Amino acid sequence: MDTAGGLGYPVAVDAGLLLPMPDGSGFGLLSMQTGETLDFLETDSLVYMGLTMSDGGGLPCFFQSKLSTLYRVDAEGSVLVATSAQDACTDSAKRVPSGARPLLADGHVIMNAATQDEDAKRFDGDYNPSAGECVVFDAETLVVLERHDAPEIESTPVRVGEGMYYLGRAGIYYAALEGGVPGEPELVIDAEGRDRDVWEQQLLAADGMLYFVGGPYGERWLYAIGPADDA
């Protein structure tokens with residue numbers, strides 16, 4: 001799969017299998033029994049980082065294209081029904097700098113804005129990880145509600161309690177969520193000796209806690225973050 005982090009995996013829903021297509025720009029609905037393509041949605045660029053499903057793992061689902069267009073997809077029988085917010089985040093010459101998927105929170109969609117030149121390599125050009133931005137959409141209409149500075153969104157934000165955490169190259173960031181709108185992110189863990197390859201992982205949220213592994217090569221620490229304390 002030509003997707004960031006290899007997240008172009010199929011997802012099973014009542015209508016069939018949802019699959020970001022590996023060759024070209026598109027998103028398919030496949031029959032679970034035969035593998036036949038029941039419907040196909042053409043996108044403006046690669047789906048890139050996989051799907052964010054609604055609560056319970058169902059539809060509608062949300063995904064972001066490489067050029068930062070947000071798509072909301074539902075199904076009526078075997079027909080895909082899509083809404084998109086094109087050019088809502090930056091101009092069309094920019095692409096998203098990481099594989100962070102959108103986060104659903106309280107009827108809102110929070111997503112990583114495109115900040116990197118389309119023609120540049122991943123970390124070349126004008127991309128500055130500390131000058132990132134997230135955009136907040138209404139989950140039903142895809143109307144832009146808020147824009148916020150959000151540095152270094154390198155992993156899909158994970159909600160824990162009344163806030164969200166995500167990984168950046170500087171460490172772990174936390175932003176409070178009020179009505180599904182994030183406040184200003186703050187760096188809560190900054191471990192010496194880390195590097196990007198160590199920190200780039202999916203965070204695990206379980207039993208009200210957030211778990212992840214960090215530290216330099218050859219030495220690892222298991223971190224746990226919960227509502228009672230910061231680390």
Side-chain angles (χ1 to χ4, degrees), residues 3-4 7-20 26-29 39 41-77 79-90 94-96 98-115 132-150 153 155-166 173-185 202-203 205 210:
T3 57
L7 293 174
Y9 46 73
V11 176
V13 295
D14 291 343
L17 290 174
L18 302 175
L19 179 66
F27 174 83
L29 175 65
D39 200 8
L41 170 67
E42 185 175 358
T43 55
D44 64 356
S45 56
L46 294 172
V47 175
Y48 196 55
M49 71 273 292
L51 313 177
T52 295
M53 310 304 292
S54 293
D55 292 342
L59 294 174
C61 69
F62 299 83
F63 61 86
Q64 193 174 0
S65 75
K66 186 178 182 181
L67 292 178
S68 201
T69 299
L70 175 65
Y71 289 85
R72 180 186 188 274
V73 178
D74 210 332
E76 294 180 357
V79 177
L80 296 174
V81 179
T83 306
S84 65
Q86 292 181 321
D87 301 331
C89 297
T90 68
K94 300 287 187 177
R95 65 181 178 185
V96 286
S98 75
R101 299 192 305 281
L103 172 68
L104 291 177
D106 302 323
H108 294 165
V109 183
I110 304 166
M111 61 177 265
N112 196 7
T115 57
E133 182 186 28
C134 71
V135 184
V136 182
F137 295 82
D138 181 279
E140 290 291 331
T141 65
L142 300 192
V143 170
V144 175
L145 302 176
E146 301 274 354
R147 295 175 183 270
H148 291 276
D149 292 338
I153 303 177
S155 73
T156 301
V158 174
R159 184 168 187 173
V160 178
E162 297 305 313
M164 71 177 195
Y165 292 87
Y166 65 86
Y173 289 88
Y174 170 80
L177 289 171
E178 184 174 347
V181 177
E184 182 179 354
Q202 182 68 37
L203 304 181
L210 183 72

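Bear in mind that the values here come from a model prediction, so they are computed numbers and not experimental data.
- Relative orientation of the F63 and Y71 rings is parallel, given thresholds of 30° and 60° on the angle between their planes.
- Pairing each heavy atom of L142 with each of F137, the nearest pair is O-CD2, 3.2 Å.
- Taking CD of E42 as the start and CG of D44 as the end, the distance is 9.5 Å to the nearest 0.5 Å.
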> How far apart are the C-alpha atoms of L17 and V11, what are their side-chain angles, what is the distance that settles it, and do they pass the side chain to side chain contact (heavy atoms under 4.5 Å, CB included) test?
Replying inline: CA-CA 6 Å; L17 290 174; V11 176; over 6 Å; no
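- Among residues two or more places apart in sequence or in another chain, the salt bridge (charged side-chain N to carboxylate O under 4.0 Å, His left out) test is passed with R159 by D106, E162.
- For T52 (side chain) and P102 (main-chain N/O), a donor-acceptor pair under 3.5 Å exists by modelled atom type.
- Between F27 and C61, the shortest heavy-atom contact is CZ-SG, 4.1 Å.
- Heavy atoms only, all atoms of each residue included: N112 and A100 are closest at ND2-CB, 4.3 Å.
- Distance alone, capped at 3.5 Å, places no donor-acceptor pair between the H108 side chain and the A139 backbone.
- Considering only heavy atoms from C-beta on, R147 stays 4.5 Å or farther from C134 through its side chain.
- Between L59 and V73, the shortest heavy-atom distance links the atoms CD2-O, 3.7 Å.
- Evaluation of the salt bridge (charged side-chain N to carboxylate O under 4.0 Å, His left out) rule for E140 yields R72 as partners, not counting sequence neighbours.
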> Should V135 and E146 be marked as a side chain to side chain contact (heavy atoms under 4.5 Å, CB included) after you check the CA-CA gap, both sets of side-chain angles, and the distance that decides it?
Replying inline: CA-CA 6 Å; V135 184; E146 301 274 354; over 6 Å; no
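- In this structure the side chain of V136 reaches within 4.5 angstrom of the side chain of H148, judged on heavy atoms.
- Contact check for L203 versus Y165: side-chain heavy atoms found under the 4.5 Å cut-off.
- Contact annotation: the side chain of L18 approaches that of L51 to within less than 4.5 Å [non-hydrogen atoms, C-beta and beyond].
- Between V109 and L70, some side-chain heavy-atom pair lies under the 4.5 Å cut-off.
- Atom CZ of F62 and atom CG of D74 lie 9.0 Å apart (nearest 0.5 Å).
- The shortest non-hydrogen separation linking G28 to L80 is C-CD1, 4.4 Å.
- No donor-acceptor pair closer than 3.5 Å links the side chain of D149 to the backbone N or O of E133.
- With no hydrogens or angles considered, no side-chain donor-acceptor pair links T69 and S84 at under 3.5 Å.
- When all heavy atoms of I110 and P182 are compared, the pair lying nearest together is CD1-CD, 3.9 Å.
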